[in-house]
Amino acid sequence: MTTNEVNYDDWKEIRARVDSMSNAIFLIGGGALTLSVSTILKVKETKALAENIVCSIQLSWYFLLASIIFMLSLKSHLIAQSYIRSNSTASEYNPSTRGLTNKLGWSLGILGFTAFIGGMILIVYSASLLLNA
């Protein structure tokens with residue numbers, strides 16, 4: 001196998017891992033967002049919520065939405081990167097471009113994962129505040 005083939009195989013393996021992680025974030029984050037919104041709207045009909053609870057709930061929703069948007073952007077980025085790789089020869093695919101696109105991908109992934117973790121922590125925090133209210 002040539003170096004390009006090995007690099008491409010490594011890239012495909014990383015891509016598969018990113019796909020599975022982003023799919024998990026879509027499933028868990030989207031489900032948590034949907035369940036949280038519907039539950040809070042029902043609770044709000046029956047009783048008034050304290051300002052700090054509302055603020056933390058809204059912030060958790062924005063974090064979860066941001067995680068979904070970042071992961072969608074990452075998947076789009078990987079599709080574009082794959083298209084560029086498949087339509088250019090090894091000599092055309094500039095190493096500096098590869099480094100830049102890899103950094104962009106890592107940035108989107110880290111931001112998406114961090115937003116997901118932050119959103120989940122805030123949902124749990126909001127739920128604990130709601131139980132203590």
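- The shortest non-hydrogen separation linking L130 to K47 is O-NZ, 4.4 Å.
- Atom CZ of F26 is surrounded by more than 12 heavy atoms from other residues, nucleotides or ligands within 6.0 Å.
- Every side-chain contact (heavy atoms from CB on, under 4.5 Å) that I121 has, sequence neighbours left out, goes to I117.
- Applying the side chain to side chain donor-acceptor pair (under 3.5 Å) test to every pair with at least one member in residues 22-36, sequence neighbours left out, gives these pairs: N23-K75, S36-W61.
- Residue pairs meeting the side chain to side chain donor-acceptor pair (under 3.5 Å) criterion with at least one partner in residues 105-130, sequence neighbours excluded, are S56-S126.
- A chain of hydrophobic side-chain contacts below 4.5 Å, direct or via other Ile, Leu, Val, Met, Phe, Trp or Tyr residues, connects L72 to M21.
- Considering CG of L33 and CD1 of I28, their distance stands at 13.5 Å, rounded to 0.5 Å.
- For A50, the side-chain contact (heavy atoms from CB on, under 4.5 Å) test picks out N52, I53, with sequence neighbours left out.
- Atom CG of L74 sits about 10.5 Å away from atom CG of L111, to the nearest 0.5 Å.
- Hydrophobic clustering, with ILVMFWY side chains joined whenever heavy atoms are under 4.5 angstrom apart, groups F113 together with I14.
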**OP:** Take Q81 and L104 through the side-chain contact (heavy atoms from CB on, under 4.5 Å) test and state the conclusion after the steps.
**Re:** CA-CA 11 Å; Q81 192 178 41; L104 177 61; over 6 Å; no
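- Checked against side-chain contact (heavy atoms from CB on, under 4.5 Å), V54 has the following partners two or more places apart in sequence or in another chain: L49, Q58.
- When each of L41, I40, T39 is tested with V37 by the rule side-chain contact (heavy atoms from CB on, under 4.5 Å), just one qualifies, namely L41.
- Here the straight-line distance linking atom OG1 of T46 with atom NZ of K42 works out to 11.0 Å at 0.5 Å rounding.
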Kindly list each side-chain donor-acceptor pair under 3.5 angstrom involving residues 63-71, sequence neighbours excluded, with atom names and distances?
residue : atom : partner : partner atom : Å
S67     : OG   : L64     : O            : 2.7

